[in-house]
Amino acid sequence: MGNTEKQSVTLKVNGQEHHLEVLPWVSLLDALRETLHLTGTKKGCDHGQCGACTVLIDGKRVLSCLSLCVMKSGRNITTIEGIAKDNVLHPVQKAFIDHDAFQCGYCTPGQICSAIGLLNERKGETREEIQDLMSGNLCRCGANRGIINAVMAVKQGVYE
Ligand code: FES
Ligand code: FES
């Protein structure tokens, strides 16, 4: 028999601490969406293949569907709801709007978190490299060109 006891977790999301009791197999994605009602983070495949669930943990991009909630206790988690500060959009958000980097918007929260993680990694100098480094985030609407243009523009310092 597996462990069916709930465990205490402190999730620090967008600067706010939440104390949860969760079963050991609950994903970070489900805890965010279903317990904390932060539904900006999307569930696409739930199997690590689409990137829709990407969040930032300590500034690094992470697939929340493949992360166990109980293992992220105390870490700094940022979801799309925490990206803008004091009603001011993050440069990546501004660039996505200006470059038509979305259509239906379903992949967009994950794309934006992934792009910010990529900028933090200080990788991706060329368009091809950025395309490669963003390839874990799928867009079924085909907004990829706009997405790459937006990331390029931020890298080139067009947005503050
Ligand atoms: S929902 Fe996590 S990668 Fe698709
Ligand atoms: S904007 Fe629709 S899936 Fe990317």
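Along the sequence shown, residues carry numbers from 1. Only a predicted model underlies this, so the values are computations on that prediction, with no experimental measurement involved. Counting convention: from 1, in listed order, for ligands and their atoms alike.
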Checklist outcome for this item: Row for atom 2 (Fe) of ligand 2: angle SG (C104) to SG (C141), 10° precision, value 100°
Item to check | E160 bridged to K94 by N-O distance under 4.0 Å | outcome: no
Checklist entry - What are the two closest non-hydrogen atoms of T41 and E81, and how far apart are they? => result N-OE2, 4.4 Å
Checklist entry - Between G59 and N120, which heavy-atom pair has the shortest distance, and what is it? => result O-ND2, 2.9 Å
Item to check | Contact summary for K155 and G124, nearest pair of heavy atoms | outcome: CE-O, 2.9 Å
Enumerate, atom names and distances included, each donor-acceptor pair closer than 3.5 Å involving a side-chain atom of residues 138-150, sequence neighbours excluded.
| from | atom 1 | to | atom 2 | distance (Å) |
| --- | --- | --- | --- | --- |
| N149 | OD1 | R127 | NH1 | 2.7 |
| N149 | OD1 | R127 | NH2 | 3.2 |
| N149 | ND2 | R145 | O | 3.3 |

Next on the checklist: Restricting to non-hydrogen atoms, name the atom on L23 and the atom on V70 that form the minimum distance, rounded to 0.1 Å.
Outcome noted: O-CG1, 4.4 Å
Next on the checklist: One residue to check: A143. Relative to ligand 2, which of side chain, backbone, both or neither has a non-hydrogen atom less than 4.0 Å away?
Outcome noted: neither
Item to check | Close-range residues for ligand 1, whose non-hydrogen atoms fall below the 4.0 Å threshold | outcome: G44, C45, D46, G48, Q49, C50, G51, C53, C65
Checklist entry - Taking atom CD of E34 and atom OG of S27, what is their separation to the nearest 0.5 Å? => result 8.0 Å
Item to check | Proximal atoms of ligand 2 relative to R140 (non-hydrogen, under 4.0 Å) | outcome: 3 (S)
Item to check | Which of the ligand 2 atoms, numbered from 1, are nearer than 4.0 Å to a heavy atom of G105 | outcome: 1 (S), 2 (Fe)
Checklist outcome for this item: The side-chain contact (heavy atoms from CB on, under 4.5 Å) partner of V92 among I112, L118, V151, I83 is I112
